2 protein chains.
Amino acid sequence: MSSKIQVALADADVLCRVGLSGLLAKISDTEIVGEAGNTEELLRILQDDHVDVVIVDYNQPKYFDYTIAAQIKKISTDTQILVISSDSRRERIYQVLEDGVSSFLTKQCDENEILDAIAATAKGEKFYCHKILDMIIERSFPSKDEDCTPTSLTPREKEILTLVAKGKVAKEIAAELHISPHTIYTHRKNILKKLQLTSPTEMVVYALEHGLIDLQSLN
Amino acid sequence: MSSKIQVALADADVLCRVGLSGLLAKISDTEIVGEAGNTEELLRILQDDHVDVVIVDYNQPKYFDYTIAAQIKKISTDTQILVISSDSRRERIYQVLEDGVSSFLTKQCDENEILDAIAATAKGEKFYCHKILDMIIERSFPSKDEDCTPTSLTPREKEILTLVAKGKVAKEIAAELHISPHTIYTHRKNILKKLQLTSPTEMVVYALEHGLIDLQSLN
DNA sequence: TGGTAAATTAGACTAATTATAAATAAGATC
DNA sequence: GATCTTATTTATAATTAGTCTAATTTACCA
């Protein structure tokens, strides 16, 4: 077995994989063990070969989703995960970070930043780009003026927001949760007030922006 | 001046640009004149240098949008445009194709397909990947069972759908358009019927999927 | 010039929602 | 343990939004 760092590329877009290969070629002690265009392919690689680092974009519906980190860790605990994604949804990002992702970049990061991140992750260190670092800090020390509203919703409110955003009307939600329609009205009113929205349709936009639902999952 | 084909890369993600550079390196008679991470940078390149082919992803809000083809043609009429995007919104794609895009790929296309497309576009030929070709054919010969519903909406209905999707309620729309709320109700009912939807919130999802509105423009 | 589709609206009716108020339960704090 | 807060739940009455039916106007096409 080679002593080089074994890297697996997981991205639905072949273009990004080519880009990553190109960048990895500049780091001498790394070696690509495999490329995966979807979750299934990635898990197969992890089962068949030893992988030190997985570079993955989890925000590619149908190919990779936010559960990918947990799935990777389940098969191969010691594999380090480097995320390169364009996701901007705070809650989703926090969730992924909690699932054991070592490093997190956006696809907008420049070349040097990506190279540094790959090198750091390979060595077992963590690396976060500025945008993600800001989010982590914001979570630890929330500022007053710019509050992170999604967390201010109660679990029940989030649940109802999700259902509203999926196009269900109050009566349907009430039937589904076995509670009174009035309860839905109250929750919905509180949600609208908390988020400073005025109509249920605005809730859809809000839910989409904050990753409570996503377009693909609605079909 | 070199006799090689001058190519400009326009993609907000550095990773994709690296990927494209890597692929272009395999085509001997091409040369990269410049890389642009946003519209402004691209237009500057077009003004300063001769560009035969622009490879661009127009679906990157804040960096590139669907008007990019028209903007490119305005500065440099003879420049061929190769789109590599992940957009799945029919109407938007038709629009871009009408703006003089020579070739259209998705980022999911495999390496050979991308190489062929670049080579073809550089020679002044057109190249469409299967997914896009299917859409073009579907537009020319619409099938009965799977009708392309967005076009079946009247202009007024589209207008109202857009406003509904922006979170406005019937009364607000009525005030804005100086017509009776009843008119809005009627239009909305007809839209829901035509699109086989059941609630205004579903209209938001529909409008997003078909590019009538986009998340970024709502803020 | 009659036919067709689009856009508009009203009246009567029904359903959905709000306002207000309040009960219950769980957790934290003192 | 008593109390305070927050989350969750619900109801009645009042209000608003929306549907159904039907009809009018406009514009454009054959």
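Sequence lines set the chain letters: A, B, ... in the order given, protein chains first and strands last, and positions in each chain run from 1. Being a predicted model, the structure only gives us computed values, none of them experimental.
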Shoot me the first and last contacting nucleotide of DNA chain C against chain A, ordered 5' to 3', at under 4.0 angstrom to non-hydrogen atoms. C:dA16 to C:dT20
Distance check needed: [N] [atom2] versus [X] [atom1], whole Å only.
{"X": "B:Leu192", "N": "D:dT19", "atom1": "CG", "atom2": "C1'", "result": "12 Å"}
{"X": "B:Lys193", "N": "D:dT21", "atom1": "NZ", "atom2": "P", "result": "10 Å"}
{"X": "B:Lys189", "N": "D:dA17", "atom1": "NZ", "atom2": "C1'", "result": "15 Å"}
{"X": "B:Asn190", "N": "D:dT21", "atom1": "CG", "atom2": "C1'", "result": "13 Å"}
{"X": "A:Arg188", "N": "D:dA17", "atom1": "CZ", "atom2": "C1'", "result": "12 Å"}
{"X": "B:Tyr185", "N": "D:dT21", "atom1": "OH", "atom2": "C1'", "result": "16 Å"}
{"X": "A:Leu153", "N": "D:dA7", "atom1": "CG", "atom2": "P", "result": "10 Å"}
{"X": "A:Lys158", "N": "D:dT8", "atom1": "NZ", "atom2": "P", "result": "11 Å"}

Looking at residues at least two apart in the chain, or sitting in another chain, which of them share a side-chain contact (heavy atoms from CB on, under 4.5 Å) with [X]?
{"X": "A:Val51", "value": "A:Ala8, A:Val33, A:Ile45, A:Leu46, A:Val54, A:Thr79"}
{"X": "A:Thr121", "value": "A:Val53, A:Gln80, A:Leu82, A:Ser102, A:Ser103"}
{"X": "A:Lys131", "value": "A:Ser88, A:Thr106, A:Cys129, A:Met135"}
{"X": "B:Leu197", "value": "B:Leu192, B:Leu195, B:Glu202, B:Met203, B:Tyr206"}

Please list, chain by chain and in numerical order, all residues satisfying side chain to side chain donor-acceptor pair (under 3.5 Å) with B:Glu157, sequence neighbours excluded.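 Once residues adjacent in sequence are excluded, the partners of B:Glu157 under the side chain to side chain donor-acceptor pair (under 3.5 Å) criterion are B:Thr154, B:Lys194.
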Among all residues two or more places apart in sequence or in another chain, which pass the side chain to side chain donor-acceptor pair (under 3.5 Å) test with B:Ser199? B:Thr201
Are a donor atom and an acceptor atom from the side chains of A:Ser85 and A:Asp87 found within less than 3.5 Å of each other? no
Do you see a donor-acceptor pair shorter than 3.5 Å between the side chains of B:Gln108 and A:Asp13? yes
Enumerate the residue pairs fulfilling salt bridge (charged side-chain N to carboxylate O under 4.0 Å, His left out) with a member in residues 174-193 of chain B, sequence neighbours excluded, ordered by first and then second residue. B:Lys168-B:Glu176
If you compare all heavy atoms of A:Ala69 against all heavy atoms of A:Val101, which two are closest, and at what distance to 0.1 Å? CB-CG2, 3.8 Å
Would you name the heavy atoms of B:Leu97 and B:Ile132 that are closest together and state the gap between them?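 Scanning both residues, the minimum pair turns out to be CD1-CG2, 4.2 Å.
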Judged by atom type as modelled, is there a donor-acceptor pair below 3.5 Å linking the side chain of A:Asp52 to the main-chain atoms of A:Val7?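 Checked: no pair found.
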Is a side-chain N or O of B:Thr183 found less than 3.5 angstrom from the main chain of B:Ile179, in a donor-acceptor match? no
Mind listing the residues from residues 169-184 of chain A sitting with a heavy atom below 4.0 Å of DNA chain C? Number order is fine.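 Of all residues in residues 169-184 of chain A, the ones placing a heavy atom under 4.0 Å from DNA chain C are A:Ala170, A:Lys171, A:His182.
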Report yes or no: is there a donor-acceptor pair, N or O only, under 3.5 Å between the side chain of A:Thr154 and the base of D:dT8? no
Taking only side-chain N and O atoms of A:Arg156, does any of them lie within less than 4.0 angstrom of OP1 or OP2 on D:dT6? no
Summarise protein proximity over nucleotides 25-30 of chain D in one line of letters, 5' to 3': B for base, S for sugar-phosphate only, - for none, counting protein heavy atoms closer than 4.0 Å. ------
Estimate the overall bend of the helix from C:dT1-D:dA30 to C:dC30-D:dG1 from the end axes over five pairs each, rounded to 10 degrees.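 Comparing the first five pairs with the last five, the axes sit 40° apart.
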With A:His182 via ring-ring contact (aromatic ring centres under 6.0 Å, His included) - residues at least two apart: A:Tyr185
